[in-house]
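Presented below is the structure to which this report refers.
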Amino acid sequence: MAGPQEEQKFCLQEVLDTFKLCLSEKKDVYLEHYVAGWRGLVKFLNSLGSVFGFISKDAVNKINILVTYLHGENGSQYVTVQSMVKYELENQLVDLTKRGSHPESGCRTLLRLHRALRWLELFLERLRTSSEDSKTSVMCSEAYNESLSQHHPWVVRKAAGMAFCVLPGRPAFLEVMNVGPPEQVVAMLGEAVPLISEVYQITEELYAQQNLLDLP
Ligand SMILES: CCCCCCCC/C=C\CCCCCCCC(=O)N[C@@H](COP(=O)(O)O)[C@H](O)/C=C/CCCCCCCCCCCCC
């Protein structure tokens, strides 16, 4: 039986499988698999050391908010992102313009992870197409500057930038993914990036249609 250390070990294949399960036949996004994908990614983040603790803590907090809805008395309304949006909007459960009585709605919580998914897509695509001596810190901050950073205040941007500086080099980074030699990791990233991108695009379109992209 695997010990606690073993259970916490990151595996890219596992994350890939989870994101594969995210989309239903009619392209709805299953919340359960979406948060499971994030849980897997947080395992990876935790393996990089305590300097990433503040990021991991925020991600876990948001995952837990969504899991609480998923397992709560109205859990059946939270099966997909589409049903969650419909339910929360129809029941006025979302603070639309300023934070009020629903500061932790499913919609605003998921939006934060959704924005981070775009960062992930950009970062993994850079990682996939980079050369052996490319710097992960540079790829990470470029991806961050093109996506998430515009939603973060100066102090968070500064802390994130400092954390990126201690990321391991590309070879060590690929090794932690527990896939095998670098070529195999690159091949798996070639499968993972389009999947992540599709989940991102579907959510983005839904949020855009409902005017939810700037939830406070
Ligand atoms: C396939 C494996 C390779 C890549 C593995 C990457 C692993 C990444 C795992 C988790 C990513 C963390 C997701 C962070 C969600 C952030 C949500 C957010 O924007 N929260 C802010 C706003 O929230 P509210 O205040 O409005 O509730 C919050 O202020 C943020 C606080 C923490 C700082 C977030 C910085 C995010 C940087 C991007 C992640 C860098 C990870 C680098 C590891 C390679």
Side-chain angles (χ1 to χ4, degrees), residues 8-19 34-66 95 98-99 102-128 130 135-170 172-179 182 184-193 195-197 199-200 213-216:
Q8 290 305 308
K9 216 169 169 186
F10 175 83
C11 171
L12 181 60
Q13 178 72 59
E14 216 176 279
V15 171
L16 179 61
D17 292 344
T18 316
F19 276 104
Y34 190 93
V35 293
W38 276 109
R39 271 202 206 287
L41 291 164
V42 165
K43 270 193 213 174
F44 182 90
L45 197 59
N46 290 341
S47 75
L48 295 177
S50 56
V51 72
F52 295 92
F54 73 106
I55 304 177
S56 167
K57 200 170 154 198
D58 186 67
V60 168
N61 175 43
K62 288 175 170 55
I63 291 168
N64 287 342
I65 291 172
L66 293 172
D95 292 338
K98 60 178 171 68
R99 296 190 85 175
H102 304 291
E104 293 191 335
S105 67
C107 287
R108 73 86 65 187
T109 303
L110 187 116
L111 176 63
R112 271 52 185 179
L113 294 178
H114 167 69
R115 290 169 177 164
L117 200 65
R118 175 69 180 150
W119 159 80
L120 184 71
E121 178 194 345
L122 295 172
F123 174 57
L124 295 185
E125 182 56 10
R126 278 177 166 78
L127 199 59
R128 187 181 78 79
S130 57
K135 284 192 179 308
T136 51
S137 56
V138 173
M139 294 185 252
C140 190
S141 48
E142 283 176 357
Y144 177 71
N145 291 338
E146 271 180 41
S147 55
L148 256 186
S149 76
Q150 54 204 271
H151 304 287
H152 289 163
W154 182 86
V155 64
V156 171
R157 292 204 302 267
K158 204 75 194 154
M162 280 170 12
F164 298 158
C165 290
V166 305
L167 282 173
R170 187 178 183 272
F173 200 93
L174 296 189
E175 210 176 304
V176 192
M177 294 197 186
N178 282 311
V179 172
Q184 258 172 264
V185 185
V186 167
M188 198 172 283
L189 288 176
E191 255 195 275
V193 173
L195 264 175
I196 290 171
S197 171
V199 172
Y200 175 83
L213 285 170
D214 293 312
L215 292 180

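Every number for a ligand or one of its atoms is a count from 1 in the order of the listing.
The salt bridge (charged side-chain N to carboxylate O under 4.0 Å, His left out) search around Arg39 returns none, not counting sequence neighbours. By the salt bridge (charged side-chain N to carboxylate O under 4.0 Å, His left out) test, Asp17 pairs with no residue at all, sequence neighbours left out. A search for side-chain hydrogen bond (donor to acceptor under 3.5 Å, both in side chains) contacts involving Arg126 returns Glu142, Glu146, not counting sequence neighbours.
Protein residues with a heavy atom closer than 4.0 Å to ligand 1 are Phe10, Leu12, Trp38, Leu41, Phe44, Leu45, Leu48, Phe54, Ile55, Asp58, Lys62, Arg108, Arg112, Ala116, Trp119, Leu120, Leu124, Cys140, Tyr144, Leu148, His152, Val156, Phe164, Leu167, Phe173, Met177, listed by chain and number.
Taking the six-membered ring for Trp and the full ring otherwise, the centers of Phe173 and Phe123 sit less than 6.0 Å from each other.
A distance of 9.5 Å separates CG in Leu12 from CG in Leu174, rounded to the nearest 0.5 Å. Met177 contributes atom CE, which lies 10.5 Å from atom CE of Met188 (distance to the nearest 0.5 angstrom).
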